[in-house]
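Sequence positions, counted from 1, serve as the residue numbers for this chain. Treat the numbers as computed from the prediction; the structure is a model and nothing was measured.
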Amino acid sequence: MTHLRKMMLEELQRRNFAKTTVQYDLQAVEEFAAYYGKPPDQLNHDHLRQYQAHLLTERKLQPRTARLHVCALRFFFNKTLKRRLPPDDIPYPRAPRRLPVILSVEEVARLIDSARNLPDRTMIMVLYSTGMRNAEMRNLQVKDIDSKSMLIHIQHGKGGRDRFVPLSCKLLETLREYWRWMKPKTWLFPGTIHNWRADKPITPKVVWEAVQEAAKCAGITKHVTPHTLRHCFASHLLEAGTDLRTIQVLMGHRDIEATTRYLHVSPKHLRVAVNPIEQIPVSGPANLKRSRKLHRPE
């Protein structure tokens, strides 16, 4: 397995995949091999079929999570082993297209005001006011904050793409207060090792807990995650009249189709549509005959 792992690592690295993608793909293949107790090169499409069913029915993985395992296994067999498998032998699970959870502007304000401390408040404000992803924020460096041009430089975003997002005055005020207290050197949000500050980014768990605790204190019952704030950023921009192309650039979407999903959760755009029933004359329901009783008599 060590030799196979090295081969796969080299194939991933020569394609310059993101570090997180490399780690996830290697782990997915190791789990596949561990499930059968055999080296993965000794397994075939029958094992793949059984393992995919296992991921969805026994491990109860969400389809989108199972797709990540499928991507890793496809890469291993097709690129590392050079064993071409027909796509039908290892299909992608169909994932339902659910609309994102969106907080109202008032709920976002409550979330920010309910942060446990200054670092948590700063992280939540960065996520909401820039629309950046969790990983993008965790990898922000102090030098990426340009207060002269009022821009934030997001480096190596999803797909390895860089972009700039505006730096708001409110966020700059909070960032300066945070910097005076934390005095970060390289990473804007430095992590820790054995409870001592280290020259490394914070972990995803730190960001997750900051948002979860703030939502709990704010009394928000919706399912709120760091990524929810990214959805709120895009949706609230759309509500304020920002065009889709600009939102696409700010979000770092490669395809505008990913941006148009926010049209489905924008109350302003949904209310603009004229309901056809409003265009036809119908009588009111007050005088209509009731066909049955709503409740059984006691």
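- Val126 is listed as a side-chain neighbour of Leu140, based on a closest heavy-atom distance under 4.5 Å.
- Summarising the geometry of Gly131 relative to Arg163, their closest heavy-atom pair is O-NH2, 4.2 Å, with the distance given to 0.1 Å.
- Counted within 6.0 Å of CZ on Arg254, heavy atoms from surrounding residues, nucleotides or ligands total 12 or fewer; the atom is thus considered open.
- Within a 6.0 Å radius of NZ in Lys222, other residues, nucleotides and ligands contribute more than 12 heavy atoms.
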Side-chain donor/acceptor pairs under 3.5 Å, residues 203-217, sequence neighbours excluded:
{"unit_1": "Gln212", "atom_1": "NE2", "unit_2": "Val224", "atom_2": "O", "d": "2.4"}

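- Smallest separation of non-hydrogen atoms from Gly252 and Arg133: O-NH2, 3.9 Å.
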* Run the numbers on Met137 and Leu127 for side chain to side chain contact (heavy atoms under 4.5 Å, CB included), then give the verdict. => CA-CA 7 Å; Met137 187 195 70; Leu127 288 169; 3.7 Å; yes
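- To the nearest 0.5 Å, atoms CG (Leu99) and CG (Leu263) are separated by 11.0 Å.
- In Glu173, the CD atom is not crowded: 12 or fewer heavy atoms of neighbouring residues, nucleotides or ligands sit closer than 6.0 Å.
- Without hydrogens or angle criteria, Arg15 side chain to Glu11 main chain gives a donor-acceptor distance under 3.5 Å.
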* Decide side chain to side chain contact (heavy atoms under 4.5 Å, CB included) for Glu30 and Arg5; before the verdict, give the C-alpha distance in whole Å, the side-chain angles of both, and the deciding distance to 0.1 Å. => CA-CA 9 Å; Glu30 287 173 356; Arg5 190 181 193 279; 2.8 Å; yes
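- Within the 4.5 Å cutoff, the side chain of His156 has heavy atoms near those of the Asp162 side chain.
- A side chain to side chain donor-acceptor pair (under 3.5 Å) check over residues 234-250, counting only residues at least two apart or in different chains, returns the pairs Tyr128-His236, Glu239-Ser266, Asp243-Thr246, Arg245-Gln248.
- Cluster membership for Leu244 and Ile102, using ILVMFWY side-chain heavy atoms within less than 4.5 angstrom, is shared.
- Contact annotation: the side chain of Leu48 approaches that of Phe32 to within less than 4.5 Å [non-hydrogen atoms, C-beta and beyond].
- Of the possible donor and acceptor atoms, one in the side chain of Thr260 sits under 3.5 Å from a partner among the backbone N and O of Glu257.
- Heavy-atom minimum distance, Arg121 versus Asp113: NH1-OD1, 3.4 Å.
- With hydrogens and angles disregarded, a donor-acceptor distance shorter than 3.5 Å links the side chain of Lys183 to the backbone of Arg180.
- Contacts of Gln62 classified as side-chain hydrogen bond (donor to acceptor under 3.5 Å, both in side chains), with partners at least two apart in sequence or in another chain: none.
- Grouping the Ile, Leu, Val, Met, Phe, Trp and Tyr side chains by contacts below 4.5 angstrom, directly or via other members, places Val165 with Met123.
- In this structure, Ser129 OG and Leu175 CG are separated by 7.5 Å, a value rounded to the nearest 0.5 Å.
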* Between Lys6 and Glu10, is a salt bridge (charged side-chain N to carboxylate O under 4.0 Å, His left out) present by the stated rule, with each step listed? -> CA-CA 6 Å; Lys6 184 174 181 294; Glu10 290 172 349; 2.6 Å; yes
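- Aromatic ring centroids of Phe189 and Tyr178 lie under 6.0 Å apart.
- Scanning both residues, Glu107 and Leu103, for their nearest heavy atoms gives OE1-CA, 3.3 Å.
- Linking Ile, Leu, Val, Met, Phe, Trp and Tyr whenever their side-chain heavy atoms come within less than 4.5 Å puts Phe17 and Leu9 in one cluster.
- Proximity of Met182 to Arg197: side-chain heavy atoms (C-beta onward) are separated by under 4.5 Å at one or more points.
- Distance alone, capped at 3.5 Å, is enough to place a donor-acceptor pair between the Asn44 side chain and the His47 backbone.
- Within a 6.0 Å sphere centred on CG of Asn16, heavy atoms belonging to other residues, nucleotides or ligands number 12 at most.
- Side-chain atoms of Gln155 and Asp144 include a donor-acceptor pair closer than 3.5 Å.
- Taking CD1 from Ile154 and CE from Met132, the interatomic distance works out to 4.0 Å, rounded to the nearest 0.5 Å.
- A search for side-chain contact (heavy atoms from CB on, under 4.5 Å) contacts involving Arg59 returns Glu31, Tyr51, His54, Leu55, Leu61, His69, not counting sequence neighbours.
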* To do: Show your working on salt bridge (charged side-chain N to carboxylate O under 4.0 Å, His left out) between Arg110 and Glu106 and close with a plain yes or no.
  => CA-CA 6 Å; Arg110 280 164 43 204; Glu106 293 75 16; over 6 Å; no
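- Leu118 is connected to Ile112 through a chain of hydrophobic side-chain contacts under 4.5 Å among Ile, Leu, Val, Met, Phe, Trp and Tyr, so both are in one cluster.
- In plain terms, the two heavy atoms of Trp181 and Pro119 that are nearest each other are CZ3-CG, 3.4 Å.
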Under 3.5 Å, which donor-acceptor pairs do the side chains of residues 70-83 form with other protein atoms, sequence neighbours left out?
{"unit_1": "Arg74", "atom_1": "NE", "unit_2": "Ile90", "atom_2": "O", "d": "3.1"}
{"unit_1": "Arg74", "atom_1": "NH1", "unit_2": "Tyr92", "atom_2": "OH", "d": "3.3"}
{"unit_1": "Arg74", "atom_1": "NH2", "unit_2": "Pro87", "atom_2": "O", "d": "3.3"}
{"unit_1": "Arg74", "atom_1": "NH2", "unit_2": "Ile90", "atom_2": "O", "d": "3.1"}
{"unit_1": "Asn78", "atom_1": "OD1", "unit_2": "Leu85", "atom_2": "N", "d": "3.1"}
{"unit_1": "Asn78", "atom_1": "ND2", "unit_2": "Arg74", "atom_2": "O", "d": "3.3"}
{"unit_1": "Lys82", "atom_1": "NZ", "unit_2": "Lys79", "atom_2": "O", "d": "2.9"}
{"unit_1": "Arg83", "atom_1": "NH1", "unit_2": "Leu43", "atom_2": "O", "d": "2.8"}
{"unit_1": "Arg83", "atom_1": "NH2", "unit_2": "Asp41", "atom_2": "O", "d": "2.8"}

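- Taking hydrophobic clusters as Ile, Leu, Val, Met, Phe, Trp and Tyr residues chained together by side-chain heavy-atom distances below 4.5 Å, Val249 does not share a cluster with Met150.
- With sequence neighbours excluded, the residues forming a side-chain contact (heavy atoms from CB on, under 4.5 Å) with Ser147 are Leu172, Arg176, listed by chain and number.
- Tyr36 and Gln50 are linked by a side-chain donor-acceptor pair at a separation below 3.5 angstrom, with hydrogens and angles left out of the test.
- Summarising the geometry, atom NE2 belonging to His223 is positioned 6.5 Å from atom OG1 belonging to Thr228; distances are rounded to the nearest 0.5 Å.
- Residues Trp179 and Val142 have side chains in contact (heavy-atom distance under 4.5 Å, counting atoms from C-beta outward).
- Atom CZ of residue Arg261 and atom CZ of residue Arg98 lie 12.0 Å apart, to the nearest 0.5 angstrom.
- With rounding to the nearest 0.5 angstrom, the CZ atom of Phe164 is 12.5 Å from the CG atom of Leu250.
- Ile202 and Pro190 make their closest contact through CG2-O, 3.2 Å (heavy atoms, listed as atom of the first residue, atom of the second, distance).
- Under a 3.5 Å cut-off, the side chain of Asp146 and the backbone N or O of Leu151 do not form any donor-acceptor pair.
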* **CA sep, side-chain torsions, deciding dist, call: Leu171, Ile152, side chain to side chain contact (heavy atoms under 4.5 Å, CB included)** => CA-CA 11 Å; Leu171 177 59; Ile152 298 176; 4.0 Å; yes
